[in-house]
Amino acid sequence: MTTHVLDDLEARGLVAHSTDRDALRADLSAGPVTYYVGFDPTAPSLHMGNLLQLLTARRLQLAGHKPLILVGGSTGLIGDPRDVGERTMNSRETVADWVGRIRSQVEQYVSFEGDNAARVVNNLDWTKDVNVIDFLRDIGKHFPVNRMLDRQVVASRLETGISYTEFSYVLLQSMDYLELYRRYGTALQTGGSDQWGNITAGVELIRRAEGAKVHALSTPLITKADGTKFGKSTGGALWLDPEMLSPYAFYQTWIQAEDSKVIEYLRQFTFLELEEIEAIAAESAERPGLRIAQRRLAAEVTALVHGQDEVRAAEQASAALFGRAELEDLPESTLRAALTEAGLVTVDPGTPLVDALVVSGLVDSKSAARRAVSDGGAYVNNVRVEDPDAVLDGHTLHGGLVVLRKGKKSVAGAELVKA
RNA sequence: GGCAGGUUGCCCGAGCGGCCAAUGGGAGCUGACUGUAAAUCAGCCGGCAAUGCCUUCGCAGGUUCGAAUCCUGCACCUGCCA
């Protein structure tokens with residue numbers, strides 16, 4: 001007998017809260033359970049936090065259960081209340097566009113084959129024609145406002161203000177769970193721990209409306225060693241869309257994982273067996289300098305999101321740009337590929353270095369570029385440049401390529417081409 | 001509705017007529033050490049055609065040789081009283 005999926009999830013550090021653990025365990029053991037996880041279109045792409053939910057959904061599917069992946073065509077029009085304050089409402093067109101993009105992203109992480117094939121659903125399908133009177137009578141009646149006010153997000157927002165629109169969000173998400181229970185017998189909703197309140201509200205609604213007992217399971221917030229949220233790359237969220245964050249940049253974010261966290265991330269974000277992860281942990285502890293765990297993590301997660309070809313490209317680019325090898329010794333094809341991964345821009349011969357640093361995106365302004373130079377953190381072809389007036393001309397590789405670097409980790413390429 | 005106070009750079013928070021692009025802390029960036037890790041120490045941390053110039057201290061106007069600092073109006077927030 002293999003490990004119970006719930007034990008596996010717990011061992012991987014993927015369980016923050018759940019409803020009655022024993023009942024959930026028994027139901028999961030009894031046979032295929034239909035479960036759902038939802039994604040609201042708040043951006044054109046999903047990000048690392050959503051990835052964790054999708055991977056968790058896949059783990060459950062691999063254990064024989066049936067996933068429903070919900071895209072929030074209606075909830076995305078309303079907006080989940082956040083501590084930071086009222087959201088800006090997006091237009092219906094924008095939300096519809098994002099729903100389409102997110103739908104195609106989620107399809108990559110679950111299987112649509114077999115007895116427990118996944119299904120993608122859109123909550124707009126069952127909310128767009130609901131009329132207000134029915135909604136208030138059938139759904140609203142089950143929500144005591146005094147209980148709603150006790151929720152932490154709502155309480156904090158009472159200080160700064162919250163619209164009726166956002167206050168009502170929880171009713172919509174709860175209605176989704178109820179609807180999916182009625183349509184497909186859905187008996188488990190998963191999500192991030194920040195969704196716990198919304199998820200349990202749905203459990204409660206189903207209990208009141210149908211007298212049925214369904215389950216909820218949440219994953220913990222993924223943090224860095226300092227306790228802050230993990231999932232920011234330089235300049236923004238860790239997007240899954242390669243147009244919004246290059247596979248190289250995605251790979252780099254993972255390979256820079258902290259020692260004290262990398263093993264946790266391996267358990268949470270990869271499908272490696274726990275015994276293998278233990279072996280990697282032991283090996284890393286013995287020879288931390290080799291960064292075995294980080295390399296494996298970056299390769300595994302990048303493969304899941306962008307595919308094996310992009311892993312190879314990112315690894316080769318990283319090896320070329322971070323390796324000990326002399327840049328002059330790299331074949332042009334390797335160097336060009338590496339710089340393309342890192343971000344390659346075209347500039348005129350004789351372009352000032354500071355301008356090239358700005359154009360390449362390594363710094364935000366010329367002032368920042370000059371600062372990088374005076375800090376001793378600007379490099380051209382791995383040679384530190386201390387002259388703030390330096391220009392790019394003679395010293396190129398393969399007749400025109402230049403490797404620009406800021407500090408230890410930020411690399412980009414420039415190609416000198418006569419205009 | 002009345003009275004009092006607040007709104008400063010990514011965040012917190014000093015400044016209360018010129019010495020203010022604006023103290024300090026956090027975040028961030030760079031350097032040294034190292035392993036594309038952590039910790040520690042040091043520097044940087046609005047922009048530009050850069051020994052100067054431009055834009056910034058809620059918004060709009062005004063006083064003044066000169067304003068983040070004073071005055072008027074507006075918006076939002078907080079506290080006290082009804």
Side-chain angles (χ1 to χ4, degrees), chain A residues 82-86 156-163 222-238 246-266 280-281 283-299 301-302 311 314-325 327 338-339 341-343 351-355 357-380 382-391 403-412:
Chain A
R82 296 181 293 186
D83 281 340
V84 288
E86 193 77 10
S156 73
R157 286 286 299 281
L158 287 178
E159 301 287 322
T160 54
I162 179 170
S163 67
I222 306 302
T223 58
K224 295 187 291 187
D226 64 6
T228 59
K229 191 172 167 183
F230 178 59
K232 289 261 171 73
S233 72
T234 346
L238 241 193
S246 75
Y248 169 81
F250 183 87
Y251 177 93
Q252 280 292 319
T253 303
W254 292 98
I255 209 165
Q256 288 166 18
E258 296 149 317
D259 282 7
S260 61
K261 282 288 181 178
V262 67
I263 300 303
E264 271 178 58
Y265 298 157
L266 276 168
I280 292 171
E283 205 177 343
S284 294
E286 209 164 305
R287 309 179 66 183
L290 295 182
R291 308 174 57 75
I292 294 163
Q294 279 91 342
R295 288 177 205 285
R296 191 61 187 274
L297 175 70
V301 183
T302 304
V311 173
E315 282 178 340
Q316 285 170 3
S318 298
L321 299 176
F322 287 90
R324 296 261 186 274
L327 291 172
L339 292 179
E341 285 293 315
T351 297
L353 172 61
V354 290
D355 290 340
L357 289 170
V358 175
V359 173
S360 70
L362 288 177
V363 296
D364 291 331
S365 68
K366 283 192 194 182
S367 298
R370 289 204 180 81
R371 228 174 276 138
V373 173
S374 64
D375 283 350
Y379 305 81
V380 171
N382 282 350
V383 178
R384 175 179 289 171
V385 176
E386 293 180 319
D387 175 10
D389 299 318
V391 297
V403 178
L404 301 173
R405 178 156 63 87
K406 185 195 67 162
K408 280 171 86 174
K409 304 175 193 169
S410 307
V411 183

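In the text below, chain A, chain B and the rest are named by the order of the sequence lines, each starting its count at 1. Basis for what follows: all heavy atoms, side chains included, without hydrogens, waters or symmetry-related copies.
- A salt bridge links Lys261(A) and Glu264(A); the closest N-O separation between the charged side-chain nitrogens and carboxylate oxygens is under 4.0 Å.
- With a cut-off of 3.5 Å on both pairing distances, the Watson-Crick and G-U wobble pairs of RNA chain B assemble into stems of 3 or more at B:1-7 with B:75-81, B:10-12 with B:24-26, B:28-32 with B:40-44, B:46-48 with B:52-54, B:58-62 with B:70-74.
- Computed from coordinates, the Phe322(A) CZ to rA37(B) C1' distance equals 14 Å when rounded to whole Å.
- Judged as a salt bridge (charged side-chain N to carboxylate O under 4.0 Å, His left out), and not counting sequence neighbours, Glu315(A) has no contacts.
- Looking at heavy-atom distances under 4.0 Å, Ser374(A) makes no contact with the nucleic acid at all.
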Protein-to-nucleotide contact annotation, 5' to 3' order, nucleotides 41-50 of chain B [B base; S sugar-phosphate only; - none; under 4.0 Å, heavy atom]: --BSS-SBSB
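- Contact annotation: Lys409(A) side-chain N/O to rA37(B) OP1/OP2 distance is under 4.0 Å.
- The line from CD of Glu258(A) to CD1 of Ile263(A) is 13.0 Å long, rounded to the nearest 0.5 Å.
- Looking only at side-chain heavy atoms (C-beta outward), Tyr248(A) and Leu321(A) come within less than 4.5 Å of each other.
- The side-chain heavy atoms of Lys366(A) and Leu357(A), taken from C-beta on, include no pair separated by under 4.5 Å.
- Residue-level contact check: Lys406(A) touches the backbone only, with heavy atoms under 4.0 Å from sugar-phosphate atoms and none from bases.
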Check: protein-nucleotides 20-24 of chain B nitrogen or oxygen pairs below 3.5 Å:
none

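- The side-chain heavy atoms of Val403(A) and Leu339(A), taken from C-beta on, include a pair separated by under 4.5 Å.
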Produce the list of close N/O pairs, under 3.5 Å, pairing protein atoms with atoms of nucleotides 8-12 of chain B; give distances to one decimal.
none

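- Smallest separation of non-hydrogen atoms from Ser284(A) and Ile292(A): OG-CB, 4.1 Å.
- Side-chain contact between Gln252(A) and Lys409(A) is absent, with no heavy-atom pair separated by less than 4.5 Å.
- Separation of the C1' atoms belonging to rU55(B) and rC16(B) is 23 Å when rounded to the nearest angstrom.
- For the pair Asp259(A) and Ala378(A), nearest-nucleotide mapping onto RNA chain B gives the more 5' position to Ala378(A).
- Nucleotides rC53(B) and rC20(B) are separated by 16 Å at their P atoms, to the nearest Å.
- Rounded to whole angstrom, the span from the CZ atom of Arg291(A) across to the C1' atom of rA38(B) amounts to 11 Å.
- Spacing of P atoms, rU40(B) relative to rG26(B), comes out at 11 Å, to the nearest Å.
- Listed by chain and residue number, nothing satisfies the ring-ring contact (aromatic ring centres under 6.0 Å, His included) test with Tyr379(A) (two or more places apart in sequence, or in another chain).
- Comparing rA39(B) with rG28(B), their P atoms are spaced 10 Å from each other, to the whole Å.
- Between Val301(A) and Tyr265(A), the closest side-chain pair of non-hydrogen atoms is not below 4.5 Å.
- Taking atom CG of residue Leu357(A) and atom P of nucleotide rC29(B), one finds them 16 Å apart after rounding to whole Å.
- The shortest side-chain heavy-atom distance between Ile280(A) and Val262(A) does not fall under the 4.5 Å cut-off.
- Using a 4.0 Å heavy-atom distance criterion, Tyr251(A) is classed as making no nucleic acid contact.
- Look at the P atom in both rC74(B) and rC65(B): the space between them is 28 Å, to the nearest Å.
- rU7(B) and rA68(B) are spaced 15 Å apart, taking the P atom of each and rounding to whole Å.
- Regarding contacts with the backbone of rG31(B), a side-chain N or O of Tyr379(A) is found under 4.0 angstrom from either OP1 or OP2.
- Contact annotation: Arg384(A) side-chain N/O to rA32(B) OP1/OP2 distance is under 4.0 Å.
- Proximity of Leu353(A) to Leu404(A): side-chain heavy atoms (C-beta onward) are separated by under 4.5 Å at one or more points.
- Spacing between rA14(B) and rG24(B) at atom C1', rounded to whole Å, works out to 7 Å.
- At the heavy-atom level, Glu258(A) lies under 4.0 Å from the strands shown only through sugar-phosphate atoms.
- If you take atom C1' in rG5(B) and the same atom in rC10(B), they sit 27 Å apart, rounded to whole Å.
- Between Tyr251(A) and Thr302(A), some side-chain heavy-atom pair lies under the 4.5 Å cut-off.
- Residues Ala390(A) and Val385(A) share a closest heavy-atom pair of CB-CG1, 3.7 Å.
- Atom CZ in Arg295(A) sits about 12 Å away from atom C1' in rA37(B), given to the nearest Å.
- Side chains of Ser246(A) and Glu341(A): a donor-acceptor N/O pair is absent below 3.5 angstrom, by distance only.
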